[in-house]
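All figures in this text were calculated on a predicted structure; none of them were measured in a lab. When a ligand or atom number is given, it counts from 1 through the structure's own listing order.
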Amino acid sequence: MSDSHKDYLIIVQCHLVKERCSGFHCEKAFHDRSGGFLPYERCNDLRLLTMTCGGCCGRSLQRKLINLLHLSHKRDQIDRSRMVVHLSTCITKESHHGPVCPHLDYLKALIARLDLDIAEDTWISKTAEQRRQQGVYPVKPT
Ligand code: SF4
Ligand code: SF4
């Protein structure tokens with residue numbers, strides 16, 4: 001799948017997980033065009049913005065995105081059709097950070113009502129993928 005018509009990527013990350021995560025791997029996946037960013041393999045001139053959901057239940061995401069839509073259009077005439085919101089892997093998949101976000105459908109609904117396209121996943125950890133396939137989450141303390 002080519003997503004070359006998108007040139008403004010927004011990563012939405014779990015607010016709780018971001019209390020202890022710098023977001024390095026999300027940025028690395030974007031830089032390397034790996035994981036959820038594989039479709040942009042051939043796209044060089046991309047803008048990237050990251051934000052958190054704002055905390056459970058994610059309701060403040062709507063006003064953050066409205067602010068972004070307003071400013072990006074006002075300052076740079078960027079239309080929402082050029083944007084796509086990537087929900088970070090710590091929201092969409094179980095990992096050592098915890099289970100899938102219990103408000104995932106709500107977050108998607110908030111994004112969809114602003115007519116923004118949604119994509120799932122950012123960084124895909126090989127170890128976490130293996131663990132998911134082996135069904136070892138939640139990891140028990142030893
Ligand atoms: S996907 Fe990984 S790097 Fe990105 S915010 Fe979540 S825990 Fe951090
Ligand atoms: S709503 Fe989901 S993504 Fe946001 S802080 Fe709560 S668990 Fe994390």
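Applying the 4.0 Å criterion to heavy atoms of H15 picks out, from ligand 2, the atoms 5 (S). Applying the 4.0 Å criterion to heavy atoms of K18 picks out, from ligand 1, the atoms 5 (S). When each atom of ligand 1 is checked for a heavy atom of T122 under 4.0 Å away, the hits are 1 (S). Within ligand 1, the atoms closer than 4.0 Å to a non-hydrogen atom of V17 are 7 (S), numbered from 1 in the order shown. The atoms of ligand 1 that sit less than 4.0 Å from any heavy atom of T89 are 1 (S). Annotation for ligand 2: atoms under 4.0 Å from non-hydrogen atoms of I91 are 3 (S). Close approach of ligand 2 to C57 is summarised as follows: ligand atoms under 4.0 Å from at least one heavy atom of the residue are 1 (S). For ligand 1 and Q13, the ligand atoms under 4.0 Å from any heavy atom of the residue are 5 (S).
Contacts between L16 and ligand 2, counted as non-hydrogen atom pairs separated by less than 4.0 Å, involve both the backbone and the side chain. With a 4.0 Å cut-off on non-hydrogen atoms, C14 touches ligand 2 through its backbone as well as its side chain.
Contact of the Y106 side chain with the C57 side chain is registered, since non-hydrogen atoms from C-beta on lie closer than 4.5 Å. Proximity of L116 to L65: side-chain heavy atoms (C-beta onward) are separated by under 4.5 Å at one or more points.
Side-chain atoms of H73 never come within 3.5 Å of backbone atoms of D79 as a donor-acceptor pair (strictly under, hydrogens ignored). At distances below 3.5 Å, at least one donor-acceptor pair connects side-chain atoms of K64 with backbone N or O atoms of T52. At least one donor-acceptor pair closer than 3.5 Å links the side chain of K6 to the backbone N or O of M83. With hydrogens and angles disregarded, a donor-acceptor distance shorter than 3.5 Å links the side chain of R132 to the backbone of E94. Of the possible polar contacts, one joining the T89 side chain to the W123 backbone as a donor-acceptor pair under 3.5 Å is found. When atom types are taken as modelled, the side chain of R33 and the backbone of F30 share a donor-acceptor pair closer than 3.5 angstrom.
Protein heavy atom closest to atom 8 (Fe) of ligand 1, with residue, atom name and distance, is C21 SG, 2.2 Å. Ranking the protein heavy atoms by distance from atom 4 (Fe) of ligand 1 puts C26 SG, 2.3 Å first. Closest to atom 1 (S) of ligand 2, if we only count protein heavy atoms, is H103 CD2, 3.5 Å.
Distances from atom 6 (Fe) of ligand 2 to the heavy atoms of S88, C56, P102 put C56 nearest. In this comparison of S60, C53, C101, the heavy atom closest to atom 2 (Fe) of ligand 2 sits on C101. The option with the heavy atom closest to atom 7 (S) of ligand 1, from among H96, H25, H97, is H97.
Note: the hydrophobic cluster containing Y8 also contains M51 (ILVMFWY, side chain heavy atoms under 4.5 Å, direct or indirect links).
A salt bridge is absent between D117 and R80: the closest approach of a Lys/Arg side-chain nitrogen to an acidic carboxylate oxygen does not fall below 4.0 angstrom.
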